[in-house]
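Take a look at the structure set out below.
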Amino acid sequence: MKSNINIIYTLLITLAFISCSPSDDNSTPPSPYIQYGTAFEKMPDKQDAIIYQVNIRAFSQAGTLKGVQDRLSQIQELGANVIYLMPIYPVGKVKASGELGSPYAVQDYKAVNPDFGTLQDLQVLVEEAHKKNMAVVLDWVANHTAWDNPWITQHPNWYQKDGSGNIIIPPGTNYNDVAQLDFNNAEMKAAMIDAMSYWIYNANIDGFRCDYADFVAPGFWTDAITKLRSIKKNQKILMLAEGSKISHFTSGFDYTFGFNFFSALEKVFKDNLSASTLQNSNATEYANIYSPDNKVVRYTSNHDVNLTDGTPLELFGGKKGSMASFVVTAYLKSVPMIYNGQEIGYAQRLNYFSRTPIDWSAADTEMLAEYKKIIAFRNSSNAIKRGTFTGYSSDAVSAFTMIKDAEKVLVLSNLTNSSAKYLVAPALKGTWKDAFSGATVTLDSETTLLPYQYLILKN
(Lines give C-alpha, C1' and ligand atoms only; values in the text may rest on other atoms or scores of the structure.)
Protein backbone atom coordinates (compact mmCIF):
# COMPACT_ATOMS: atom_id res chain seq x y z
CA MET A 1 0.00 0.00 0.00
CA LYS A 2 2.83 2.41 0.93
CA SER A 3 4.64 1.80 -2.39
CA ASN A 4 1.44 2.63 -4.32
CA ILE A 5 1.12 5.94 -2.47
CA ASN A 6 4.75 6.76 -3.30
CA ILE A 7 4.15 6.01 -6.99
CA ILE A 8 1.07 8.26 -7.07
CA TYR A 9 2.95 11.04 -5.28
CA THR A 10 5.86 10.81 -7.75
CA LEU A 11 3.46 10.98 -10.70
CA LEU A 12 1.74 14.07 -9.28
CA ILE A 13 5.06 15.88 -8.75
CA THR A 14 6.20 14.95 -12.28
CA LEU A 15 2.98 16.29 -13.80
CA ALA A 16 3.35 19.51 -11.83
CA PHE A 17 6.86 20.06 -13.17
CA ILE A 18 5.75 19.36 -16.73
CA SER A 19 2.85 21.82 -16.45
CA CYS A 20 5.20 24.53 -15.14
CA SER A 21 7.22 24.81 -18.35
CA PRO A 22 6.63 28.15 -20.14
CA SER A 23 4.08 28.08 -22.93
CA ASP A 24 2.80 30.55 -25.46
CA ASP A 25 -0.66 29.13 -24.91
CA ASN A 26 -2.49 31.04 -22.23
CA SER A 27 -5.19 28.37 -22.15
CA THR A 28 -2.82 25.90 -20.44
CA PRO A 29 -1.62 27.65 -17.33
CA PRO A 30 1.37 26.27 -15.42
CA SER A 31 1.02 24.75 -11.99
CA PRO A 32 0.58 27.32 -9.23
CA TYR A 33 2.63 25.20 -6.82
CA ILE A 34 6.15 25.50 -8.25
CA GLN A 35 8.05 28.78 -8.35
CA TYR A 36 9.05 29.96 -11.82
CA GLY A 37 12.36 31.82 -12.02
CA THR A 38 14.77 32.73 -9.26
CA ALA A 39 14.59 35.19 -6.39
CA PHE A 40 15.34 38.79 -7.37
CA GLU A 41 18.45 39.72 -5.41
CA LYS A 42 18.29 43.49 -5.94
CA MET A 43 14.83 44.22 -4.54
CA PRO A 44 14.88 47.81 -3.29
CA ASP A 45 13.97 48.58 0.28
CA LYS A 46 10.56 50.24 0.29
CA GLN A 47 12.08 53.65 1.15
CA ASP A 48 14.40 53.39 -1.86
CA ALA A 49 11.77 52.78 -4.54
CA ILE A 50 11.33 54.95 -7.63
CA ILE A 51 8.13 53.68 -9.25
CA TYR A 52 7.56 53.91 -13.01
CA GLN A 53 3.96 53.35 -14.15
CA VAL A 54 3.51 51.70 -17.55
CA ASN A 55 0.28 52.03 -19.53
CA ILE A 56 0.87 49.08 -21.86
CA ARG A 57 -1.58 50.32 -24.50
CA ALA A 58 0.30 53.62 -24.78
CA PHE A 59 3.88 52.65 -24.05
CA SER A 60 4.84 51.39 -27.50
CA GLN A 61 3.50 51.42 -31.05
CA ALA A 62 2.75 47.71 -30.69
CA GLY A 63 1.06 48.13 -27.30
CA THR A 64 2.52 44.85 -26.00
CA LEU A 65 4.62 43.45 -23.19
CA LYS A 66 7.43 43.03 -25.70
CA GLY A 67 7.12 46.76 -26.38
CA VAL A 68 7.76 47.38 -22.68
CA GLN A 69 10.73 45.02 -22.70
CA ASP A 70 12.26 46.92 -25.61
CA ARG A 71 12.43 50.13 -23.54
CA LEU A 72 13.69 48.70 -20.25
CA SER A 73 17.05 50.42 -20.70
CA GLN A 74 15.36 53.82 -20.92
CA ILE A 75 13.41 53.17 -17.72
CA GLN A 76 16.61 52.07 -15.99
CA GLU A 77 18.50 55.15 -17.22
CA LEU A 78 15.77 57.36 -15.78
CA GLY A 79 16.69 55.97 -12.37
CA ALA A 80 13.55 53.93 -11.68
CA ASN A 81 13.88 50.61 -9.88
CA VAL A 82 10.22 49.46 -9.74
CA ILE A 83 8.12 49.01 -12.88
CA TYR A 84 4.37 49.05 -12.22
CA LEU A 85 2.36 47.53 -15.07
CA MET A 86 -1.25 48.56 -15.47
CA PRO A 87 -3.61 45.53 -15.65
CA ILE A 88 -2.28 42.84 -17.96
CA TYR A 89 -5.43 40.68 -17.94
CA PRO A 90 -8.08 40.06 -20.62
CA VAL A 91 -10.64 42.87 -20.63
CA GLY A 92 -14.38 42.28 -20.43
CA LYS A 93 -16.47 42.87 -23.55
CA VAL A 94 -19.94 42.88 -21.96
CA LYS A 95 -20.98 46.45 -21.06
CA ALA A 96 -17.46 47.57 -21.96
CA SER A 97 -16.50 51.24 -21.67
CA GLY A 98 -14.63 53.13 -24.35
CA GLU A 99 -13.11 51.80 -27.53
CA LEU A 100 -11.25 48.82 -26.05
CA GLY A 101 -12.80 48.51 -22.60
CA SER A 102 -11.29 49.45 -19.27
CA PRO A 103 -8.15 47.57 -18.19
CA TYR A 104 -9.82 47.53 -14.77
CA ALA A 105 -12.70 45.34 -15.99
CA VAL A 106 -10.96 41.99 -15.59
CA GLN A 107 -12.35 39.07 -17.55
CA ASP A 108 -9.87 36.45 -16.29
CA TYR A 109 -7.56 36.87 -13.29
CA LYS A 110 -5.22 34.08 -14.43
CA ALA A 111 -4.53 35.04 -18.05
CA VAL A 112 -2.60 37.59 -20.07
CA ASN A 113 -4.56 39.85 -22.41
CA PRO A 114 -3.77 38.41 -25.87
CA ASP A 115 -3.48 41.98 -27.18
CA PHE A 116 -0.45 42.32 -24.90
CA GLY A 117 1.14 38.93 -25.57
CA THR A 118 1.55 35.73 -23.60
CA LEU A 119 2.54 34.46 -20.19
CA GLN A 120 5.97 33.73 -21.60
CA ASP A 121 6.26 37.35 -22.76
CA LEU A 122 5.57 38.46 -19.18
CA GLN A 123 8.08 35.98 -17.81
CA VAL A 124 10.77 37.28 -20.15
CA LEU A 125 9.91 40.90 -19.34
CA VAL A 126 10.29 40.20 -15.62
CA GLU A 127 13.54 38.32 -16.16
CA GLU A 128 15.01 41.14 -18.25
CA ALA A 129 13.87 43.79 -15.76
CA HIS A 130 15.52 41.82 -12.94
CA LYS A 131 18.76 41.71 -14.92
CA LYS A 132 18.63 45.51 -14.93
CA ASN A 133 17.98 45.62 -11.17
CA MET A 134 14.33 46.62 -11.54
CA ALA A 135 11.39 44.97 -9.78
CA VAL A 136 8.05 44.41 -11.56
CA VAL A 137 4.69 44.82 -9.83
CA LEU A 138 1.27 44.14 -11.34
CA ASP A 139 -1.93 46.14 -11.00
CA TRP A 140 -4.51 44.08 -9.10
CA VAL A 141 -8.25 44.74 -9.30
CA ALA A 142 -9.79 43.01 -6.31
CA ASN A 143 -13.00 44.99 -5.79
CA HIS A 144 -14.89 44.06 -8.97
CA THR A 145 -14.79 42.00 -12.17
CA ALA A 146 -16.01 42.34 -15.72
CA TRP A 147 -19.55 41.12 -16.41
CA ASP A 148 -18.20 38.29 -18.59
CA ASN A 149 -15.74 37.02 -16.00
CA PRO A 150 -16.58 33.28 -15.55
CA TRP A 151 -17.12 33.89 -11.83
CA ILE A 152 -20.41 35.66 -12.72
CA THR A 153 -22.03 32.46 -13.99
CA GLN A 154 -20.03 29.88 -12.04
CA HIS A 155 -20.25 31.61 -8.66
CA PRO A 156 -22.98 34.27 -8.65
CA ASN A 157 -23.01 34.11 -4.85
CA TRP A 158 -19.53 35.67 -4.91
CA TYR A 159 -21.09 39.02 -5.87
CA GLN A 160 -23.11 41.65 -4.04
CA LYS A 161 -26.78 41.84 -5.05
CA ASP A 162 -29.66 44.25 -4.68
CA GLY A 163 -32.99 43.51 -3.04
CA SER A 164 -34.21 41.81 -6.22
CA GLY A 165 -31.24 39.47 -6.40
CA ASN A 166 -29.46 41.31 -9.22
CA ILE A 167 -25.67 41.67 -9.13
CA ILE A 168 -24.76 45.34 -8.65
CA ILE A 169 -22.05 47.71 -9.80
CA PRO A 170 -19.69 49.16 -7.14
CA PRO A 171 -21.95 51.20 -4.82
CA GLY A 172 -21.79 54.96 -5.18
CA THR A 173 -20.13 54.82 -8.62
CA ASN A 174 -21.10 54.91 -12.27
CA TYR A 175 -18.80 51.98 -13.09
CA ASN A 176 -21.38 50.20 -15.20
CA ASP A 177 -18.77 47.97 -16.85
CA VAL A 178 -17.96 46.04 -13.67
CA ALA A 179 -19.72 43.89 -11.05
CA GLN A 180 -19.17 44.28 -7.32
CA LEU A 181 -17.64 41.31 -5.47
CA ASP A 182 -18.82 40.28 -2.00
CA PHE A 183 -15.96 40.25 0.50
CA ASN A 184 -18.12 38.48 3.05
CA ASN A 185 -17.79 35.36 0.91
CA ALA A 186 -14.88 33.19 2.11
CA GLU A 187 -14.72 31.11 -1.09
CA MET A 188 -14.38 34.22 -3.24
CA LYS A 189 -11.63 35.62 -1.04
CA ALA A 190 -9.71 32.35 -1.21
CA ALA A 191 -10.05 32.28 -5.01
CA MET A 192 -8.83 35.89 -5.20
CA ILE A 193 -5.75 35.18 -3.09
CA ASP A 194 -5.08 32.08 -5.19
CA ALA A 195 -5.22 34.19 -8.35
CA MET A 196 -2.77 36.73 -6.89
CA SER A 197 -0.46 33.89 -5.86
CA TYR A 198 -0.60 32.53 -9.41
CA TRP A 199 1.42 35.48 -10.75
CA ILE A 200 4.07 35.29 -8.06
CA TYR A 201 4.56 31.59 -8.74
CA ASN A 202 4.29 31.67 -12.52
CA ALA A 203 5.76 35.02 -13.55
CA ASN A 204 8.06 35.71 -10.57
CA ILE A 205 6.59 39.19 -10.11
CA ASP A 206 7.62 41.29 -7.13
CA GLY A 207 4.37 42.65 -5.73
CA PHE A 208 1.12 44.44 -6.53
CA ARG A 209 -0.40 47.88 -6.80
CA CYS A 210 -3.91 47.23 -5.48
CA ASP A 211 -6.66 49.18 -7.20
CA TYR A 212 -9.56 50.74 -5.27
CA ALA A 213 -7.99 49.47 -2.05
CA ASP A 214 -10.01 51.66 0.34
CA PHE A 215 -13.24 49.89 -0.66
CA VAL A 216 -12.01 46.33 -0.10
CA ALA A 217 -12.37 44.84 3.40
CA PRO A 218 -9.08 45.35 5.28
CA GLY A 219 -9.24 41.80 6.62
CA PHE A 220 -8.91 40.55 3.06
CA TRP A 221 -5.74 42.56 2.51
CA THR A 222 -4.25 41.19 5.72
CA ASP A 223 -4.92 37.60 4.65
CA ALA A 224 -3.75 38.19 1.07
CA ILE A 225 -0.50 39.96 1.96
CA THR A 226 0.37 37.38 4.62
CA LYS A 227 -0.12 34.60 2.05
CA LEU A 228 1.79 36.38 -0.72
CA ARG A 229 4.76 37.12 1.53
CA SER A 230 4.90 33.45 2.58
CA ILE A 231 5.48 32.46 -1.07
CA LYS A 232 8.67 34.50 -1.38
CA LYS A 233 10.19 33.96 2.05
CA ASN A 234 13.68 34.80 0.79
CA GLN A 235 12.65 38.03 -0.94
CA LYS A 236 10.66 41.16 -0.14
CA ILE A 237 7.53 41.92 -2.11
CA LEU A 238 6.26 45.47 -2.49
CA MET A 239 2.60 46.21 -1.85
CA LEU A 240 1.05 49.55 -2.83
CA ALA A 241 -2.51 50.41 -1.81
CA GLU A 242 -4.33 52.74 -4.15
CA GLY A 243 -5.98 54.15 -1.08
CA SER A 244 -5.40 56.47 1.84
CA LYS A 245 -6.57 54.51 4.90
CA ILE A 246 -4.06 54.15 7.72
CA SER A 247 -5.35 50.58 8.19
CA HIS A 248 -3.55 49.58 4.99
CA PHE A 249 -0.25 49.70 6.84
CA THR A 250 -1.67 47.46 9.56
CA SER A 251 -2.77 45.06 6.81
CA GLY A 252 0.81 44.84 5.56
CA PHE A 253 0.99 47.36 2.72
CA ASP A 254 4.26 49.24 2.23
CA TYR A 255 2.64 52.33 0.73
CA THR A 256 -0.56 54.29 0.53
CA PHE A 257 -1.48 56.72 -2.25
CA GLY A 258 -0.98 60.49 -2.05
CA PHE A 259 -4.46 61.54 -3.19
CA ASN A 260 -4.54 64.43 -0.73
CA PHE A 261 -1.09 65.71 -1.66
CA PHE A 262 -1.87 65.72 -5.38
CA SER A 263 -5.13 67.56 -4.78
CA ALA A 264 -3.32 70.13 -2.62
CA LEU A 265 -0.67 70.61 -5.31
CA GLU A 266 -3.36 71.20 -7.93
CA LYS A 267 -4.96 73.85 -5.71
CA VAL A 268 -1.65 75.63 -5.15
CA PHE A 269 -1.48 76.18 -8.91
CA LYS A 270 -5.16 76.45 -9.81
CA ASP A 271 -6.48 78.39 -6.81
CA ASN A 272 -3.27 80.19 -5.77
CA LEU A 273 -3.25 78.53 -2.36
CA SER A 274 -0.16 78.95 -0.20
CA ALA A 275 2.71 76.56 -0.81
CA SER A 276 2.47 75.77 2.91
CA THR A 277 -0.69 73.85 2.00
CA LEU A 278 1.61 71.02 0.97
CA GLN A 279 3.05 70.83 4.49
CA ASN A 280 -0.47 70.55 5.86
CA SER A 281 -1.27 67.81 3.36
CA ASN A 282 1.87 65.94 4.31
CA ALA A 283 0.83 66.07 7.96
CA THR A 284 -2.65 64.80 7.04
CA GLU A 285 -1.33 61.87 5.02
CA TYR A 286 1.15 60.82 7.68
CA ALA A 287 -1.20 61.28 10.65
CA ASN A 288 -1.11 58.22 12.92
CA ILE A 289 1.55 56.44 10.83
CA TYR A 290 3.87 55.37 13.61
CA SER A 291 6.55 53.53 11.64
CA PRO A 292 9.05 55.82 9.87
CA ASP A 293 9.50 53.09 7.26
CA ASN A 294 5.96 53.51 5.92
CA LYS A 295 5.72 55.86 2.96
CA VAL A 296 3.12 57.66 0.87
CA VAL A 297 3.54 57.31 -2.91
CA ARG A 298 3.25 60.75 -4.54
CA TYR A 299 3.02 61.82 -8.14
CA THR A 300 2.41 64.70 -10.50
CA SER A 301 0.71 62.36 -12.98
CA ASN A 302 -0.84 58.93 -13.27
CA HIS A 303 -3.23 57.22 -15.70
CA ASP A 304 -6.34 58.70 -14.07
CA VAL A 305 -5.32 62.33 -13.58
CA ASN A 306 -3.50 62.41 -16.92
CA LEU A 307 -6.78 61.62 -18.69
CA THR A 308 -9.26 63.55 -16.54
CA ASP A 309 -7.27 66.51 -15.19
CA GLY A 310 -4.40 66.95 -17.63
CA THR A 311 -0.69 66.38 -18.06
CA PRO A 312 1.82 67.94 -15.64
CA LEU A 313 2.48 70.57 -18.33
CA GLU A 314 -1.20 71.53 -18.26
CA LEU A 315 -1.64 71.43 -14.51
CA PHE A 316 1.56 72.86 -13.13
CA GLY A 317 2.63 75.84 -15.19
CA GLY A 318 4.28 74.23 -18.18
CA LYS A 319 7.79 72.81 -18.32
CA LYS A 320 9.39 74.83 -15.49
CA GLY A 321 6.41 74.68 -13.17
CA SER A 322 5.98 70.94 -13.61
CA MET A 323 9.64 70.38 -12.69
CA ALA A 324 9.35 72.65 -9.63
CA SER A 325 6.32 70.58 -8.63
CA PHE A 326 8.01 67.24 -9.28
CA VAL A 327 11.05 68.02 -7.15
CA VAL A 328 8.80 68.79 -4.17
CA THR A 329 6.67 65.71 -4.83
CA ALA A 330 9.73 63.46 -5.12
CA TYR A 331 11.60 64.78 -2.08
CA LEU A 332 8.92 65.66 0.50
CA LYS A 333 8.88 62.48 2.59
CA SER A 334 7.59 60.40 -0.28
CA VAL A 335 8.21 57.57 -2.68
CA PRO A 336 7.84 59.13 -6.15
CA MET A 337 5.89 57.63 -9.03
CA ILE A 338 6.40 58.68 -12.66
CA TYR A 339 3.77 58.02 -15.33
CA ASN A 340 5.13 56.99 -18.70
CA GLY A 341 5.74 59.95 -20.98
CA GLN A 342 5.86 62.68 -18.35
CA GLU A 343 9.66 62.38 -18.18
CA ILE A 344 9.96 63.54 -21.79
CA GLY A 345 7.46 66.38 -21.40
CA TYR A 346 4.85 64.55 -23.46
CA ALA A 347 2.01 67.01 -23.98
CA GLN A 348 -0.78 64.67 -25.13
CA ARG A 349 -3.16 63.02 -22.68
CA LEU A 350 -3.27 59.22 -22.83
CA ASN A 351 -6.72 57.64 -23.07
CA TYR A 352 -6.19 54.24 -21.48
CA PHE A 353 -9.54 53.00 -22.84
CA SER A 354 -7.99 53.00 -26.30
CA ARG A 355 -4.59 52.84 -27.98
CA THR A 356 -2.77 56.17 -27.84
CA PRO A 357 0.90 55.31 -28.45
CA ILE A 358 3.46 57.72 -27.02
CA ASP A 359 5.67 59.33 -29.65
CA TRP A 360 9.03 58.90 -27.93
CA SER A 361 10.75 60.79 -30.74
CA ALA A 362 9.02 63.93 -29.41
CA ALA A 363 11.13 63.86 -26.26
CA ASP A 364 12.17 67.12 -24.64
CA THR A 365 15.77 66.07 -23.96
CA GLU A 366 16.41 68.92 -21.52
CA MET A 367 13.40 67.91 -19.46
CA LEU A 368 14.43 64.25 -19.52
CA ALA A 369 17.90 65.20 -18.29
CA GLU A 370 16.33 67.23 -15.47
CA TYR A 371 14.15 64.31 -14.36
CA LYS A 372 17.22 62.06 -14.35
CA LYS A 373 19.15 64.59 -12.25
CA ILE A 374 16.35 64.93 -9.68
CA ILE A 375 15.91 61.15 -9.42
CA ALA A 376 19.66 60.48 -9.27
CA PHE A 377 20.07 62.77 -6.29
CA ARG A 378 17.18 61.12 -4.50
CA ASN A 379 18.76 57.73 -5.14
CA SER A 380 22.02 58.97 -3.61
CA SER A 381 20.55 60.76 -0.58
CA ASN A 382 19.71 58.85 2.58
CA ALA A 383 18.26 62.06 4.03
CA ILE A 384 15.68 62.34 1.22
CA LYS A 385 14.81 58.64 1.39
CA ARG A 386 14.79 58.13 5.15
CA GLY A 387 15.15 61.52 6.76
CA THR A 388 13.08 63.57 9.17
CA PHE A 389 10.98 66.31 7.56
CA THR A 390 10.72 69.88 8.83
CA GLY A 391 8.71 72.51 6.94
CA TYR A 392 9.71 76.16 6.40
CA SER A 393 7.35 77.11 3.55
CA SER A 394 6.10 80.58 2.65
CA ASP A 395 3.10 81.40 0.47
CA ALA A 396 5.15 81.17 -2.73
CA VAL A 397 7.97 78.80 -1.81
CA SER A 398 7.75 75.19 -0.72
CA ALA A 399 10.69 74.95 1.68
CA PHE A 400 11.71 72.04 3.88
CA THR A 401 14.64 70.09 5.22
CA MET A 402 15.17 66.35 5.24
CA ILE A 403 17.74 65.21 7.80
CA LYS A 404 19.25 61.78 8.43
CA ASP A 405 22.28 61.36 10.69
CA ALA A 406 24.92 63.84 9.47
CA GLU A 407 23.22 64.57 6.12
CA LYS A 408 20.96 67.60 5.82
CA VAL A 409 19.15 68.59 2.61
CA LEU A 410 17.25 71.85 2.09
CA VAL A 411 14.68 72.13 -0.70
CA LEU A 412 13.46 75.55 -1.87
CA SER A 413 10.97 75.55 -4.75
CA ASN A 414 9.11 78.60 -6.02
CA LEU A 415 5.68 77.33 -7.08
CA THR A 416 4.60 80.61 -8.67
CA ASN A 417 5.19 82.20 -12.06
CA SER A 418 6.65 85.34 -10.44
CA SER A 419 9.94 86.01 -8.70
CA ALA A 420 9.55 85.38 -4.99
CA LYS A 421 11.46 86.79 -2.02
CA TYR A 422 11.95 84.16 0.65
CA LEU A 423 12.68 85.11 4.25
CA VAL A 424 15.24 82.60 5.47
CA ALA A 425 14.58 81.07 8.90
CA PRO A 426 17.49 81.38 11.37
CA ALA A 427 17.96 77.61 11.33
CA LEU A 428 18.61 77.70 7.57
CA LYS A 429 21.09 80.58 7.42
CA GLY A 430 24.68 79.81 6.55
CA THR A 431 26.77 78.13 3.89
CA TRP A 432 25.39 75.29 1.80
CA LYS A 433 26.45 73.36 -1.27
CA ASP A 434 24.28 73.08 -4.38
CA ALA A 435 23.45 69.36 -4.58
CA PHE A 436 23.57 69.34 -8.38
CA SER A 437 26.45 71.68 -9.27
CA GLY A 438 28.54 71.56 -6.11
CA ALA A 439 28.68 75.36 -6.00
CA THR A 440 28.75 77.12 -2.64
CA VAL A 441 25.52 78.90 -1.72
CA THR A 442 25.29 81.31 1.22
CA LEU A 443 21.86 82.00 2.68
CA ASP A 444 21.45 85.25 4.56
CA SER A 445 18.21 86.65 5.90
CA GLU A 446 16.56 86.79 2.48
CA THR A 447 16.92 85.17 -0.92
CA THR A 448 15.06 85.58 -4.21
CA LEU A 449 13.91 82.73 -6.42
CA LEU A 450 13.01 83.28 -10.06
CA PRO A 451 9.63 82.01 -11.38
CA TYR A 452 9.44 78.25 -10.81
CA GLN A 453 13.10 78.13 -9.72
CA TYR A 454 14.15 75.49 -7.24
CA LEU A 455 17.31 74.96 -5.21
CA ILE A 456 18.48 71.68 -3.69
CA LEU A 457 21.12 72.41 -1.06
CA LYS A 458 23.25 70.11 1.11
CA ASN A 459 25.16 70.77 4.29
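Numbering of residues begins at 1 and proceeds along the displayed sequence.
Sparse packing is recorded around NZ of Lys421, with 12 or fewer heavy atoms of other residues, nucleotides or ligands lying under 6.0 Å away.
The existence of a salt bridge linking Lys227 and Asp194 is excluded, since no basic side-chain nitrogen approaches an acidic carboxylate oxygen closer than 4.0 Å. Between Asp70 and Lys66, at least one side-chain nitrogen of the basic residue sits less than 4.0 Å from a carboxylate oxygen of the acidic one, meeting the salt-bridge criterion. A salt bridge is defined here as a Lys NZ or Arg NE, NH1 or NH2 lying under 4.0 Å from an Asp or Glu carboxylate O, and Asp48 with Lys385 meets this definition.
Side-chain atoms of Arg57 and Leu100, non-hydrogen and from C-beta on, do get closer than 4.5 Å to each other. Within the 4.5 Å cutoff, the side chain of Val335 has no heavy atoms near those of the Leu240 side chain. Two residues are said to be in side-chain contact when any heavy atoms from C-beta on lie closer than 4.5 Å; Phe326 and Ile338 meet this criterion. A heavy-atom distance below 4.5 Å is not found between the side chains of Ile83 and Leu125. Between Leu265 and Val328, the closest side-chain pair of non-hydrogen atoms is not below 4.5 Å. Side-chain atoms of Lys46 and Asn294, non-hydrogen and from C-beta on, do get closer than 4.5 Å to each other.
Under the rule for a side chain to side chain donor-acceptor pair (under 3.5 Å), Lys245 has no partner lying at least two apart in sequence or in another chain. By the ring pair (Phe, Tyr, Trp, His ring centres under 6.0 Å) test, Phe259 is found to be paired with Phe257, residues two or more places apart in sequence or in another chain being considered. For Ser97, the side chain to side chain contact (heavy atoms under 4.5 Å, CB included) test picks out Asp177, Phe353, with sequence neighbours left out. In this structure, the side chain to side chain contact (heavy atoms under 4.5 Å, CB included) partners of Arg349, at least two apart in sequence or on a different chain, are Asn306, Thr311, Glu314. Partners of Lys372 by salt bridge (Lys or Arg N to Asp or Glu O under 4.0 Å), not counting sequence neighbours: none found. With sequence neighbours excluded, the residues satisfying salt bridge (Lys or Arg N to Asp or Glu O under 4.0 Å) with Arg229 are Asp254. When the ring pair (Phe, Tyr, Trp, His ring centres under 6.0 Å) test is applied to Tyr52, no partner is found at least two apart in sequence or on another chain.
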Distance-only criterion, 3.5 Å: show the donor-acceptor pairs between side-chain atoms of residues 452-459 and protein atoms not counting sequence neighbours.
unit_1 : atom_1 : unit_2 : atom_2 : d
Gln453 : OE1    : Leu450 : N      : 2.8
Tyr454 : OH     : Glu370 : OE2    : 2.6
Asn459 : OD1    : Lys408 : N      : 3.1
Asn459 : ND2    : Ala406 : O      : 2.8

Donor-acceptor pairs under 3.5 Å, side chain of residues 128-136 to any protein atom, not counting sequence neighbours: which ones?
unit_1 : atom_1 : unit_2 : atom_2 : d
Glu128 : OE2    : Lys131 : NZ     : 2.9
His130 : NE2    : Asp206 : OD1    : 3.3
His130 : NE2    : Asp206 : OD2    : 2.7
Lys132 : NZ     : Ser73  : OG     : 3.1

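No donor-acceptor contact under 3.5 angstrom links the side chains of Asn417 and Lys320, judged on distance only. Counting only N and O atoms by type, the side chains of Gln342 and Tyr371 include a donor and acceptor under 3.5 Å apart.
Taking the six-membered ring for Trp and the full ring otherwise, Trp199 and Tyr89 have centroids separated by under 6.0 Å. For Phe59 and Trp360, the ring centers sit closer than 6.0 Å to each other.
The salt bridge (Lys or Arg N to Asp or Glu O under 4.0 Å) analysis of residues 352-365, with sequence neighbours excluded, yields the pairs Lys319-Asp364. Applying the salt bridge (Lys or Arg N to Asp or Glu O under 4.0 Å) test to residues at least two apart or on different chains, the pairs with a partner in residues 135-145 are Asp139-Arg209. Pairs passing the side-chain hydrogen bond (donor to acceptor under 3.5 Å, both in side chains) check and including a residue from residues 321-339, sequence neighbours excluded, read Asn55-Tyr339.
Ring geometry, Tyr104 versus Tyr352: the interplanar angle exceeds 60°, so the pair is classed perpendicular (tilted spans 30 to 60°).
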